[in-house]
Amino acid sequence: MYTHHNNELTIRDAGKRVRLKGFVQRARNLGNLVFVDLRDQEGITQLAFDADNELRMEAGRLKAEYVIEAEGKVRERSSKNKDLPTGDIEIDVDAFRVLSKAAQPPMLIRDETDALEEVRLRHRYLDLRRPRLKRLMKLRHQTVKATRDFLNEEGFMEFETPILTKSTPEGARDYIVPSRLDKHHFYALPQSPQLFKQLLMIGGFERYYQIARCFRDEDLRSDRQPEFTQIDIEMAFIDQEAVIDLTEKLMARIVKETKGVELKRPFPRMTYEEALRDYGTDKPDTRFGMKIVDTGETFAKSGFKVFKTVLEKKGTIRGVNAKSLAAAYSRKDLDGLTKEAERLGAGGLVHMKMEDGEIKSPIAKFLSEEEKDGLTEKMRMEEGDLVLLVADSEKTVQKVLGRLRIIIAKEQDLVSGDDLDFHWVVEWPMFEYDEEEGRYRSLHHPFTRVQDEDRAKLSSDPLAAKAYGYDLVVQGYELGGGSMRIHETKLQGEVFRVLSIDEKTQRERFGFLLDALSYGTPPHGGIALGLERLLMVLGQTENIRDVIAFPKTQSGHCLLTGAPSVVDEEQLRELALKKEKKRDG
RNA sequence: GGUCCUGUGGUGUAGCGGUUAACAUGCCAGUCUGUCACACUGGAGAUCGCGGGUUCGAUUCCCGUCAGGACCGCCA
């Protein structure tokens, strides 16, 4: 046993006999004097060997990452290290023991001088020894603990729902698991516990939560993993405001306990429509301004052909003002932005700088004085400002300008990771129209409740029907979303009808839910929050792999274990599965 | 499904149509009593991801493939 962790001892412990353990961070052999930095989960303590004896010789032979145990007396250092919490003291060691030797590690176990991520993932257990990963894993634990503490106090019950469950073709691609007992039938891993938590409400539980593992077989990104965790919450006999209020309190509690910061409540809200109008996205980063502005009538009579054509086609001309960034963007930089705009589907990008009191732009010569003045006013252009305009369909303009805002903010460092701009996007539409499939699709999911006053629009004008839906957004991440659910069989049927899901399919896929709804269902609603995304924001990292102990690569591989891997023919036979012969390409 | 970037001693990088493949760090040996990324001296360590092609000659150029990363599509 040990007496202390390696972050604990201070000058007040001088003279104490202690026993420490840990990994050798580093042995510094100065000849007749040897120092060893001993690292454990909590920190580093310096061991000193200065007696002229065998012990010192042995200490000089210690290598990085050996696991040892050492005993001795705490003493004040003659030269202190103010960078270490234990920097005032060292241990005058009189006995130590090597518990385990270590091969030369493939990477430096230190925050700086990092190996590439590929090496770190292959040897994740070594990567996890680094203080940075220690800090992030601790943050994860604290966040989950704060969540459980808070929800338990609020009268919630924690549940577990099945991991082997039924495939639901709507939505993301499922991971499937073959059944041995029922040949050619498959379980699916849950994309979320959505239906189960609703069934718990129907089962008469009023406040559910789960730290729930979810699985989606889709392509990965720097903020997406094939398996990830949601803080999943559902409540009965409440309204939307109750869910929003509870979620804000939960966020406040987590931020307080992990960062020591008080969040201002209530969080700001904007409607889905406002989000798209002002920021060009349904998950705006509101840490910086640069809102999208409609030039309206400014170019109504424009002689500039591009503008004229777009307006004739019922398109729109909108822009953003990158305040005082005219000097920051050279012609070449602007070409880069233009290329990005074109890649996103815009015909081009108009840029203008306000310099020496006048608009400088490649298209300036096509604009009348009236147009220039109008634009200056609309965009609130001042000396040194850079304005970017896109003329196209509303959808394209929003997409392009929304993207350019983010690019510029990143390039120009307009954002701070400390700025927790939690806000709600509310009043989501029930449906969007899928051009490819020629039918309506749920924006949230098919169990979302339509707002009472919009119920008639389900048949008359589905696209105008608003849902009781809400997303929590921070720093441009969709942190989570939720809704009030449908609790009547009849309404659920109406929604399925809009979605063109016929009765046979309804029965096949959701029959159990429809049956359940028919036996008396409390009004209910909830929310699901992406734990990893929250941790990325709190931990100030852009990489989701940093907040997962054993993450997978962009191609879904676990470099540590080698998953996924082939299996024995025998295993396949048992499942009545056959390998498909690889076709030559 | 697509676009782009990367792959060179253990690790991170440099390099170039012909080199003894360079540098840093780590590793090994030695010197050193106040280091803390110790310092100094010396040393070992690389079929340049894999396969094919072009060429008198390929680590270098081309094609394919594999692996990692960023992004688009996708993720109700």
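Heavy-atom basis, side chains included; hydrogens, waters and symmetry copies ignored.
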ask   = Which residues pass the side chain to side chain contact (heavy atoms under 4.5 Å, CB included) test with Glu273(A), sequence neighbours left out?
value = Thr271(A)

key: Residues Thr161(A) and Gln210(A): side-chain donor-acceptor under 3.5 angstrom   = yes

message = So for Arg224(A) and C75(B), does any side-chain atom that can act as donor or acceptor lie under 3.5 Å from a complementary atom in the base?
response = yes

ask   = Only one of Arg26(A), Arg129(A), Lys101(A) forms a side-chain contact (heavy atoms from CB on, under 4.5 Å) with Glu65(A), so which one is it?
value = Arg129(A)

request  = Name all residues meeting the ring-ring contact (aromatic ring centres under 6.0 Å, His included) criterion together with His557(A); count only those two or more places apart in sequence or in a different chain, and write none if there are none.
outcome  = none

task = Establish, from distance only, whether the side-chain atoms of Asn543(A) and Glu117(A) form a donor-acceptor pair under 3.5 Å.
result = yes

key: Which residues share a side-chain hydrogen bond (donor to acceptor under 3.5 Å, both in side chains) with Tyr279(A), sequence neighbours left out   = none

request  = Using the test side chain to side chain contact (heavy atoms under 4.5 Å, CB included), find all partners of Val177(A) that sit at least two apart in sequence or belong to another chain.
outcome  = Leu164(A), Tyr187(A), Leu189(A)

inquiry  = Between A46(B) and U11(B), how far apart are the two P atoms, rounded to whole Å?
reply    = 12 Å

ask   = Nearest to the side chain of Glu218(A) - U35(B), C75(B), G69(B)?
value = C75(B)

request  = Among the candidates G34(B), A37(B), C71(B), find the nucleotide nearest to the side-chain atoms of Arg221(A).
outcome  = C71(B)

Enumerate all atom pairs, one protein N or O and one N or O from nucleotides 8-10 of chain B, separated by less than 3.5 Å.
none

request  = Quick one: label Asn29(A) by what it contacts on the DNA or RNA (base, sugar-phosphate, nothing), any heavy atom closer than 4.0 Å.
outcome  = base

inquiry  = If you take any heavy atom closer than 4.0 Å to RNA chain B, which residues from residues 394-408 of chain A end up in contact?
reply    = none

inquiry  = Suppose we screen for side chain to side chain contact (heavy atoms under 4.5 Å, CB included). Which residues come up paired with Leu30(A), at least two apart in sequence or across chains?
reply    = Arg28(A), Leu33(A), Phe35(A)

query = Got a sec? Which of residues 54-66 of chain A come in under 4.0 Å of RNA chain B, heavy atoms?
reply = Lys63(A)

message = Using the C1' atom as the point on both nucleotides, what is the distance between C61(B) and C16(B), in whole Å?
response = 12 Å

request  = Tell me which residues in residues 117-133 of chain A put a heavy atom below 4.0 Å from RNA chain B, sorted by number, or none.
outcome  = Glu117(A), Glu118(A), Val119(A)

query = Considering residues at least two apart in sequence or located in another chain, which fulfil the ring-ring contact (aromatic ring centres under 6.0 Å, His included) criterion with Tyr433(A)?
reply = Tyr440(A)

message = Using Watson-Crick or G-U wobble geometry with both distances under 3.5 Å, which nucleotide pairs with C23(B)?
response = G12(B)

task = Check each residue of residues 484-507 of chain A for a non-hydrogen atom within less than 4.0 Å of any atom in RNA chain B, then write out the ones that pass by number, or none.
result = none

Going by atom type alone, with no hydrogens or angles, which donor-acceptor pairs under 3.5 Å involve a side-chain atom of residues 471-481 of chain A and a protein atom two or more places apart or on another chain?
from      : atom 1 : to        : atom 2 : distance (Å)
Gln475(A) : NE2    : Gly417(A) : O      : 3.0
Gln475(A) : NE2    : Asp419(A) : O      : 3.0

message = Classify Lys82(A) by what it touches in the nucleic acid, base, sugar-phosphate, or nothing, heavy-atom distance under 4.0 Å.
response = nothing

